[in-house]
Amino acid sequence: KSPEYYRMVRGFLSPDGESHAIYSGAEITSTNSQAKVKTWVKTPTKVAFLDPSFSTGGDEAPVCICNVGTYYNPLSMKNVTGIEIVETIDLMKGIDASNKDVDRNTQLVNAFHAACNKHGVEVVNRGVDSTGAGDPFATLMAGVMGREFQMVSFGGAASDKPVSSTDPRSGKKRFADRVSELWGVGKDLMRGGQIRGLDNATCMQMAARLYRLTGRDVMEVESKKDMRKRTSGKSPDRADAFFGCIEIARRRLGLTPNVRAAVKAKVAGLPTDARWDALVAATSSPTGRGKYTDLAPKTLGSSKGWANVSR
């Protein structure tokens with residue numbers, strides 16, 4: 001059965017993974033990323049992110065609430081600093097479209113403010129997607145909760161921020177653009193056992209989005225428009241909200257991956273990794289450039305995903 005069959009018909013991730021997807025079911029399972037934290041070293045800090053979705057063709061208006069802090073990881077048998085999803089709420093379900101006195105955006109802002117207050121999220125640890133029409137929405141937010149919240153754009157260039165504690169390269173060196181960085185940093189966090197509490201709906205959205213390599217170490221994520229076209233209108237809004245939380249945690253709380261990204265070593269006299277060379281050829285050839293479908297499982301020969309490919 002194809003990965004699409006398992007995800008869209010059966011309603012769960014393919015047991016064989018989706019090797020051309022950014023995230024695979026195999027790595028989500030092997031890293032225990034759906035488990036809840038059992039032992040926090042100290043009380044975690046809560047962060048929240050709202051993806052209004054109106055500017056990028058989304059379906060929902062999810063707010064993701066997360067814990068960020070240090071916990072014991074039984075797989076590595078050591079303490080790690082990571083992020084755990086507490087709850088994801090679709091605020092659109094509570095919007096009253098018939099209300100002529102309070103418009104939809106104001107209702108969303110009020111609902112977001114209420115959800116954050118309920119979970120004890122400080123204003124400085126709240127964020128919103130400012131892509132496209134997000135600026136006017138942020139003005140509404142400032143009127144309700146003040147101006148200390150974080151604005152995160154999924155558009156534009158990647159940042160100059162170091163990718164991880166063990167990889168000094170900037171986001172611009174590893175990722176083709178900002179959305180690729182926001183989605184890609186989670187790969188290294190996952191490999192380090194630093195992601196917890198993923199729900200099934202978020203996992204399926206994470207595994208549904210594809211990527212390509214524009215160079216040996218440069219990742220480019222499929223656009224939301226292309227993903228919607230390929231998946232019959234599905235949009236990764238819940239996953240966007242989670243990755244927004246990761247960005248806030250990086251900015252405000254110093255969350256950073258603690259594992260080194262895989263780098264292919266050049267050793268004279270040793271054969272190269274045919275799997276990697278085939279992938280580079282598929283993404284750099286005149287016929288393959290720009291086609292996410294070129295990254296077929298037979299090209300990768302692995303279900304471990306982007307960050308785990310031997311290089």
Side-chain angles (χ1 to χ4, degrees), residues 36 44-68 83-155 179 182-183 186 195 197-206 208-209 224-225 227-228 231 233-249 251-252:
K36 287 291 187 179
T45 300
K46 283 189 168 58
V47 300
F49 188 85
L50 170 64
D51 177 13
S53 76
F54 50 74
S55 65
T56 52
D59 303 316
E60 305 174 315
V63 53
C64 184
I65 311 289
C66 291
N67 283 323
V68 180
I83 185 168
E84 174 194 48
I85 292 181
V86 175
E87 184 178 14
T88 302
I89 312 162
D90 180 12
L91 298 184
M92 286 297 287
K93 293 181 178 179
I95 298 302
D96 181 5
S98 65
N99 191 330
K100 304 300 181 182
D101 298 320
V102 184
D103 64 35
R104 185 195 69 165
N105 286 348
T106 301
Q107 291 183 59
L108 282 177
V109 169
N110 291 337
F112 180 48
H113 186 49
C116 289
N117 286 341
K118 175 184 175 182
H119 285 278
V121 184
E122 296 182 23
V123 174
V124 73
N125 292 327
R126 304 176 189 181
V128 64
D129 183 359
S130 62
T131 309
D135 285 346
F137 189 83
T139 301
L140 284 175
M141 285 183 57
V144 172
M145 63 182 72
R147 298 182 178 275
E148 294 183 332
F149 62 88
Q150 310 293 316
M151 295 179 64
V152 178
S153 175
F154 281 68
V179 66
L182 291 171
W183 274 65
I195 290 179
L198 294 180
D199 56 88
N200 288 336
T202 300
C203 286
M204 285 192 287
Q205 289 186 8
M206 291 168 64
R209 202 166 192 175
K224 185 174 285 189
K225 179 180 178 180
M227 177 180 171
R228 286 174 62 88
T231 60
K234 301 295 183 181
S235 182
D237 302 319
R238 292 174 66 97
D240 275 346
F242 173 57
F243 291 122
C245 280
I246 288 179
E247 173 60 18
I248 295 172
R251 289 184 189 180
R252 292 279 305 135

Inset, instruction - Please examine the side chains of L182 and I246, heavy atoms only from C-beta on, and report whether any two atoms are closer than 4.5 Å. - result: no
Legend entry - Heavy-atom check, side chain of I195 versus side chain of I83, under 4.5 Å: yes
Legend entry - Minimum-distance pair of heavy atoms, taken over all atoms of S130 and S153: OG-N, 3.5 Å
Inset, instruction - Give a yes or no answer on whether the side chain of E84 reaches the backbone of K36 with a donor-acceptor pair at less than 3.5 Å. - result: no
Inset, instruction - Work out which heavy atom in A48 is nearest to a heavy atom in I65; give both atom names and the distance. - result: CB-CD1, 3.6 Å
Legend entry - Distance (rounded to the nearest 0.5 Å) between N67 CG and H119 NE2: 9.5 Å
Inset, instruction - Starting at SG of C64, measure out to CZ of F49 and round the result to the nearest 0.5 Å. - result: 10.0 Å
Inset, instruction - Heavy atoms only: give me the nearest F112-G127 pair and the separation to one decimal. - result: CZ-O, 3.6 Å
Inset, instruction - Provide the closest heavy-atom pair for M206 versus F243 in the form atom of the first, atom of the second, distance. - result: CE-CZ, 3.9 Å
Inset, instruction - Verify, without hydrogens or angle tests, whether D51 (side chain) and A61 (backbone) share a donor-acceptor contact under 3.5 angstrom. - result: no
Inset, instruction - Please examine the side chains of D129 and D240, heavy atoms only from C-beta on, and report whether any two atoms are closer than 4.5 Å. - result: no
Inset, instruction - Taking the side chain as every heavy atom from C-beta outward, state whether L108 and M92 have any pair of such atoms under 4.5 Å apart. - result: yes
Inset, instruction - Decide side chain to side chain contact (heavy atoms under 4.5 Å, CB included) for T131 and K224; before the verdict, give the C-alpha distance in whole Å, the side-chain angles of both, and the deciding distance to 0.1 Å. - result: CA-CA 13 Å; T131 309; K224 185 174 285 189; over 6 Å; no
Legend entry - Separation between CD of E60 and OG of S235, rounded to the nearest 0.5 Å: 8.0 Å
Inset, instruction - Measure the spacing between NZ of K93 and CD1 of I95 and express it to the nearest 0.5 Å. - result: 13.0 Å
Legend entry - Listed partners of R251 passing side chain to side chain donor-acceptor pair (under 3.5 Å), at least two apart: Q150, E247
Inset, instruction - For D199, check side-chain contact (heavy atoms from CB on, under 4.5 Å) against everything at least two apart and list the hits. - result: I85, T88, A201, T202, R238
Inset, instruction - Looking only at non-hydrogen atoms, find the nearest pair between D237 and Q205 and report the distance. - result: N-OE1, 3.2 Å
Legend entry - V128 and M141, any side-chain heavy atoms less than 4.5 Å apart: yes
Inset, instruction - Please tell me if the side chains of R126 and V123 come closer than 4.5 Å, counting only heavy atoms from C-beta onward. - result: yes
Inset, instruction - Flag the pair V68 / N125 as yes when at least one side-chain heavy-atom distance between them is below 4.5 Å, and no otherwise. - result: no
Inset, instruction - Grab the two heavy atoms, one from P62 and one from A241, that are nearest each other, plus how far apart they are. - result: O-CB, 3.9 Å
Legend entry - More than 12 heavy atoms of other groups within 6.0 Å of E122 CD: no
Legend entry - ring pair (Phe, Tyr, Trp, His ring centres under 6.0 Å) partners for F154, two or more places apart: none
